[in-house]
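As the structure is a computational prediction, the values presented were derived from the model and not from experiment. The sequence lines fix the lettering, A, B, ..., with proteins before strands; numbering per chain opens at 1.
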Protein chains: 2
Amino acid sequence: MSLKHGILGLLSLNSASGYDLSKLFSESLNYFWMANQSQIYRELDKMEEGGWVLSEKIEQSARPNKRVYRITQAGSQELLNWLKDEGIDQLMVIRSPLLMKIFFAGKIDRADVIKLLIAYRAECEKQQQTIKEEVAQIGYFEESAQKPAYWKYTTNYCIEYYNFLIRWATDTLSSLTNLK
Amino acid sequence: MSLKHGILGLLSLNSASGYDLSKLFSESLNYFWMANQSQIYRELDKMEEGGWVLSEKIEQSARPNKRVYRITQAGSQELLNWLKDEGIDQLMVIRSPLLMKIFFAGKIDRADVIKLLIAYRAECEKQQQTIKEEVAQIGYFEESAQKPAYWKYTTNYCIEYYNFLIRWATDTLSSLTNLK
DNA sequence: TGGGTCATGTAACCTGTTACATGATTAG
DNA sequence: CTAATCATGTAACAGGTTACATGACCCA
């Protein structure tokens with residue numbers, strides 16, 4: 001249930017339309033949570049049914065009319081409950097399409113596996129570079145006991161995660177190319 | 001589409017029932033792909049419609065009757081196509097419930113965040129330990145240019161991945177506890 | 001003898017993906 | 001002038017999760 005709560009989190013900062021939320025996602029949470037637009041609209045509908053958000057229709061002339069959502073009291077409470085929830089099972093899910101391929105890679109030529117890993121590593125480097133640049137743009141910040149910079153911990157995670165992936169790909173490639 | 005292909009991969013080694021496949025999953029692919037039983041049954045149905053597998057009903061007395069699936073020619077071909085497919089976008093998906101919480105953690109007490117991270121790290125250590133033990137049981141193996149031990153690369157990945165998570169959690173905890 | 005677990009699966013629901021629709025504005 | 005992109009969204013389908021069903025056998 002992280003997408004709903006991500007949306008609640010964003011709405012707790014500012015009211016927004018589905019379109020806005022989708023943009024906000026790409027600019028922030030997208031590093032660690034890829035959501036697509038249509039999903040956001042559906043979640044908003046459900047959240048409104050559930051009373052976590054309220055919407056107001058805004059008529060526009062130059063652009064299509066929009067529906068702006070704001071968080072309710074119940075929604076804020078739900079956000080807090082979720083944040084404070086101590087269950088960790090939902091946090092341990094792992095699912096890697098890459099490893100699924102590698103596991104069965106014995107069925108294809110080693111050269112093809114090597115090509116795949118090289119392409120994968122290059123893409124990781126590219127993604128990592130993008131994050132680094134965007135973090136640099138946000139630039140200087142100071143944290144304190146009153147306001148730790150949590151977003152910074154998430155970008156650190158992503159950068160280190162890509163380092164791990166790049167390292168693993170490199171090690172695996174060198175094993176594969178050294179095999180006798 | 002990794003689950004279907006994981007099932008195909010397993011069936012390319014041996015015919016099996018949905019129940020068997022679910023067991024096989026937990027013993028191997030589960031490290032990096034959590035699948036649940038009911039999903040496997042549904043995928044098998046669809047794969048049979050699509051002609052990737054064929055099933056045969058086996059009558060049993062002591063146990064419920066079962067349906068044993070085997071891979072078809074078309075299924076084997078599909079497995080190879082998927083393995084050789086050079087697209088990497090599907091491999092780059094990232095989605096972390098943990099980071100979703102951390103991103104919005106400013107809304108709750110720092111002490112609660114610290115508790116969460118400690119529990120998370122402990123669980124990572126536990127999972128990692130389990131994998132290490134299971135790998136040790138599989139034990140000695142030798143690889144060669146003819147048969148690289150791809151499964152070994154996947155378990156290495158998981159072990160290193162947990163190392164990364166543990167390191168990140170530790171670093172984040174020390175930042176959080178040192179804040180003035 | 002009552003509660004687990006083995007061995008099979010089905011049903012309902014929730015979440016994620018892909019494709020499409022529409023009218024304005026901007027860039028080449 | 002045409003194609004892309006902005007700013008809104010809807011619809012259909014695929015994949016993942018949770019809960020339940022059934023009859024045998026095994027353990028305390």
Side-chain angles (χ1 to χ4, degrees), chain A residues 1-8 15-27 29-30 32-50 52 55-69 82 87 89-97 100, chain B residues 1-8 15-27 29-30 32-50 52 55-69 82 87 89-97 100:
Chain A
M1 295 273 275
S2 291
L3 177 57
K4 278 194 176 62
H5 294 96
I7 294 173
L8 278 181
S15 296
S17 66
Y19 183 81
D20 297 335
L21 285 164
S22 159
K23 288 283 157 190
L24 286 169
F25 246 85
S26 340
E27 291 161 10
L29 314 182
N30 193 247
F32 54 82
W33 195 282
M34 291 168 172
N36 54 22
Q37 233 182 332
S38 52
Q39 211 184 337
I40 291 174
Y41 287 106
R42 190 181 39 195
E43 294 303 335
L44 284 168
D45 279 353
K46 290 219 194 134
M47 290 162 72
E48 186 155 26
E49 277 176 40
W52 295 0
S55 70
E56 190 188 354
K57 196 169 177 180
I58 311 273
E59 310 273 338
Q60 296 184 121
S61 46
R63 277 179 269 289
N65 297 338
K66 67 178 171 181
R67 183 165 285 279
V68 172
Y69 291 85
W82 169 74
D89 285 5
Q90 319 89 332
L91 308 179
M92 305 306 295
V93 176
I94 175 169
R95 201 164 268 147
S96 164
M100 190 67 96
Chain B
M1 296 271 275
S2 290
L3 178 57
K4 279 193 176 59
H5 293 96
I7 294 173
L8 277 182
S15 296
S17 67
Y19 182 80
D20 296 335
L21 285 164
S22 160
K23 288 285 157 186
L24 286 168
F25 246 84
S26 338
E27 292 161 9
L29 313 182
N30 193 247
F32 54 80
W33 195 282
M34 291 167 171
N36 54 21
Q37 236 184 333
S38 51
Q39 211 184 336
I40 291 174
Y41 287 107
R42 190 180 40 195
E43 294 303 336
L44 284 168
D45 279 353
K46 290 217 195 136
M47 289 161 74
E48 186 156 23
E49 277 176 40
W52 296 359
S55 71
E56 191 189 352
K57 198 169 176 181
I58 310 274
E59 309 275 339
Q60 295 184 123
S61 45
R63 278 179 267 289
N65 297 337
K66 68 178 171 180
R67 185 164 284 280
V68 172
Y69 291 83
W82 169 74
D89 285 5
Q90 318 90 332
L91 308 179
M92 304 307 294
V93 177
I94 176 169
R95 201 163 270 149
S96 164
M100 190 67 95

- Note on the structure: Contacts of B:Y69 and B:R95 projected onto DNA chain C by closest heavy atom; the upstream (5') one is B:Y69

Nucleotide nearest [X] when distance is taken to its side chain, options [options]:
X     : options               : value
A:Y41 : D:dT10, C:dT15, C:dT8 : D:dT10
A:S38 : C:dA19, D:dC6, D:dT17 : C:dA19
A:R42 : C:dG9, D:dA12, D:dG15 : D:dA12
A:K46 : C:dC14, C:dG16, C:dT8 : C:dC14
A:L3  : C:dG16, C:dG9, D:dG23 : C:dG16

For [X] and [N], what is the distance between atoms [atom1] and [atom2] respectively, to the nearest whole Å?
X     : N      : atom1 : atom2 : result
B:E48 : C:dG9  : CD    : P     : 12 Å
A:E59 : D:dA7  : CD    : C1'   : 15 Å
A:I40 : D:dA7  : CD1   : P     : 15 Å
A:N36 : D:dG15 : CG    : P     : 14 Å
B:M1  : C:dT18 : CE    : P     : 10 Å
B:Y19 : C:dT10 : OH    : P     : 16 Å
A:K66 : C:dA24 : NZ    : C1'   : 15 Å
A:L44 : C:dC14 : CG    : C1'   : 16 Å

May I ask you to verify if any side-chain N or O of [X] is less than 4.0 angstrom from the OP1 or OP2 atom of [N]?
X     : N      : value
A:K4  : C:dT15 : yes
B:Q39 : D:dG16 : yes
B:S17 : C:dT8  : yes

- Task: Using atom types as modelled and distance alone, determine if a side-chain donor or acceptor of B:Y41 lies under 3.5 Å from a backbone N or O of B:Y19.
- Result: yes

- Message: Which is more 5' along DNA chain D, the nucleotide nearest B:Q37 or the one nearest B:E43? Just name the residue.
- Response: B:E43

Minimum-distance pair of heavy atoms, taken over all atoms of [X] and [Y]:
X      : Y     : value
B:M34  : A:V93 : SD-CA, 3.8 Å
A:M100 : B:G6  : SD-CA, 3.7 Å
B:L3   : B:A35 : CD1-CB, 3.9 Å

- Should the pair A:H5 and A:W52 be assigned to parallel (<30°), tilted (30 to 60°) or perpendicular (>60°) ring geometry? tilted

